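Input: a single structure, listed below in structure tokens.
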Amino acid sequence: MENQYFTSDTLNVKNRAFLWGDTVKVSFFVKNGGLIMDEECYFFLMASMRKMRMNIPLTYTLEFFQNIFQQDIIDGKGIQNGIINFQVFRNTDGVTLAKSSVSYFYEVVEMDDVFAVHGRPLEMDLIKEINVNNNLLSNIRVHCPENIYGGIYAQENDLDDVILLNPNKRIARATSGNLLFLEGNVIKVPKQSEGAYISPLMENFVTHLHKNNLADIQEHEIIAFESQKAEEILMISDEKGIFSVGKIRNKTFENTRFTELVESWRNSFQ
């Protein structure tokens, strides 16, 4: 099925999202005909808009988003499972940019199960000629030319994705999402101060593991070489879903343990 698209206004090329990349994006999730983690995703959207100094309308309440997604997607299109990639952008109708109104656009990616690990493990590599910053805006989903460059590099080198480093040559994330490295009973994740995305989906996953004593979650500064030491690697993308990593350069990885942990997490929503 083709992705579904919705917008608050008629789209035209004279908008700041198209011209300047003046936009933020946050994902919401539909499972079994209902929104899940909607409160966490909503607060992340509000925080992202504040960081970008956007004028947040008074109508942008949690109930507002629950209603439009329920009416347009779940009831209107009958979509039972999928990812809503919600994008809000600044208009040019204010005296100053900070006072300009905002409009929204969102895409719905329908899938069988948001929590399913995608079938084919990813092949990745590190890319060193560019890096991503690790400042206030690096953790939210805003326009990022490094993601575009990394995606093209991956395609040209027959890869599925690339690992992006920060200016200190430590692992930040992939172009599509965050990386988790399993060694024994320890899961290492790059710190947000290293350039990793804030991810409601990943935070919900690691919270489930911690509460149920399924793994020891540790935030780390991870040097590039450590990717070769991991036993298993998982990528969690709010925008695309969950993927196991099968190969980085000449090193191959299993996916048994992470698959079991994701299955436990998925069962907690039933």
Side-chain angles (χ1 to χ4, degrees), residues 83 111 115-135 138-139 141 143-199 201-203 205-206 209 214-263 265:
I83 298 176
M111 54 184 61
F115 295 100
V117 179
H118 288 252
R120 185 176 64 82
L122 304 181
E123 184 173 349
M124 306 179 72
D125 200 353
L126 290 93
I127 184 170
K128 295 184 177 180
E129 58 257 44
I130 59 170
N131 56 54
V132 292
N133 290 319
N134 49 358
N135 58 36
S138 303
N139 307 132
R141 288 164 63 194
H143 174 62
C144 180
E146 292 84 0
N147 284 348
I148 299 170
Y149 185 98
I152 295 171
Y153 178 94
Q155 291 177 351
E156 292 178 343
N157 290 275
D158 296 323
L159 301 168
D160 297 298
D161 206 336
V162 293
I163 299 175
L164 295 166
L165 307 178
N166 62 28
N168 298 314
K169 305 302 180 185
R170 294 192 293 262
I171 292 174
R173 55 176 175 79
T175 67
S176 303
N178 289 326
L179 297 166
L180 301 88
F181 301 87
L182 176 67
E183 297 179 34
N185 195 46
V186 175
I187 294 176
K188 296 181 179 180
V189 296
K191 296 179 178 180
Q192 290 177 7
S193 59
E194 293 289 283
Y197 279 140
I198 297 171
S199 166
L201 192 63
M202 188 187 77
E203 289 179 7
F205 175 56
V206 298
L209 300 184
L214 297 175
D216 179 12
I217 310 299
Q218 299 180 5
E219 290 189 322
H220 274 270
E221 297 173 349
I222 303 176
I223 62 173
F225 174 74
E226 286 194 60
S227 65
Q228 299 290 295
K229 293 170 55 181
E231 298 165 16
E232 298 186 15
I233 302 176
L234 191 73
M235 185 182 80
I236 295 183
S237 168
D238 284 33
E239 187 174 359
K240 296 182 178 180
I242 305 166
F243 302 81
S244 62
V245 177
K247 186 177 182 181
I248 298 176
R249 295 186 175 176
N250 295 322
K251 174 72 181 290
T252 58
F253 304 91
E254 299 294 327
N255 62 1
T256 305
R257 180 72 176 131
F258 263 134
T259 299
E260 293 172 351
L261 295 174
V262 171
E263 183 66 20
W265 178 40

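Both backbone and side-chain heavy atoms feed into the values below; hydrogens, waters and symmetry mates do not. A quick note: this is a predicted structure, and the numbers were derived from the prediction, not measured.
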**Q.** E231/R257 ion pair, N-O < 4.0 Å
**A.** no

Any side-chain heavy atom of [X] sitting closer than 4.5 Å to one from [Y]?
X: D216; Y: E183; result: no
X: F181; Y: I171; result: yes
X: I83; Y: K240; result: no

What closest approach, in Å, do [X] and [Y] show between heavy atoms, and which atom pair accounts for it?
X: S176; Y: S237; result: O-OG, 2.7 Å
X: I248; Y: S227; result: CD1-CB, 4.2 Å
X: I236; Y: F205; result: CD1-CD2, 3.6 Å
X: I242; Y: W265; result: CD1-CZ3, 3.5 Å
X: I127; Y: V162; result: CG2-CG2, 3.9 Å
X: I130; Y: E146; result: CD1-O, 3.7 Å

[atom2] on [Y] to [atom1] on [X], rounded to 0.5 Å:
X: I187; Y: L209; atom1: CD1; atom2: CG; value: 5.0 Å
X: N134; Y: L165; atom1: CG; atom2: CG; value: 11.5 Å
X: K247; Y: D125; atom1: NZ; atom2: CG; value: 10.0 Å
X: N147; Y: I152; atom1: CG; atom2: CD1; value: 11.0 Å
X: L179; Y: K188; atom1: CG; atom2: NZ; value: 14.0 Å
X: C144; Y: L164; atom1: SG; atom2: CG; value: 7.5 Å

Does the [X] side chain pair with the main chain of [Y], one donor and one acceptor, at a distance under 3.5 Å?
X: E221; Y: K191; answer: no
X: K251; Y: A230; answer: yes
X: N139; Y: A196; answer: yes
X: T175; Y: G151; answer: no
X: N157; Y: L159; answer: no
X: D160; Y: E123; answer: yes
X: N178; Y: Y197; answer: yes

Q) Between E263 and E260, does a side-chain contact (heavy atoms from CB on, under 4.5 Å) hold up when you go through it step by step? A) CA-CA 5 Å; E263 183 66 20; E260 293 172 351; 5.6 Å; no

Q: Any chance you could lay out the side-chain contact (heavy atoms from CB on, under 4.5 Å) test for L126 and R249, step after step, and finish with the verdict?
A: CA-CA 9 Å; L126 290 93; R249 295 186 175 176; 4.3 Å; yes

(Q) Tell me whether the rings of H118 and F243 are parallel (<30°), tilted (30 to 60°) or perpendicular (>60°). (A) parallel

Q.
Quick one, Q192 with I198, criterion side-chain contact (heavy atoms from CB on, under 4.5 Å). Give me CA distance, side-chain angles, the key distance, then yes/no.
A. CA-CA 7 Å; Q192 290 177 7; I198 297 171; 3.5 Å; yes

**Q.** side chain to side chain donor-acceptor pair (under 3.5 Å) partner of E194, chosen from R170, H220, R173
**A.** R170

Q.
Side chains of D238 and S199 only: does a donor on one sit below 3.5 Å from an acceptor on the other?
A. yes

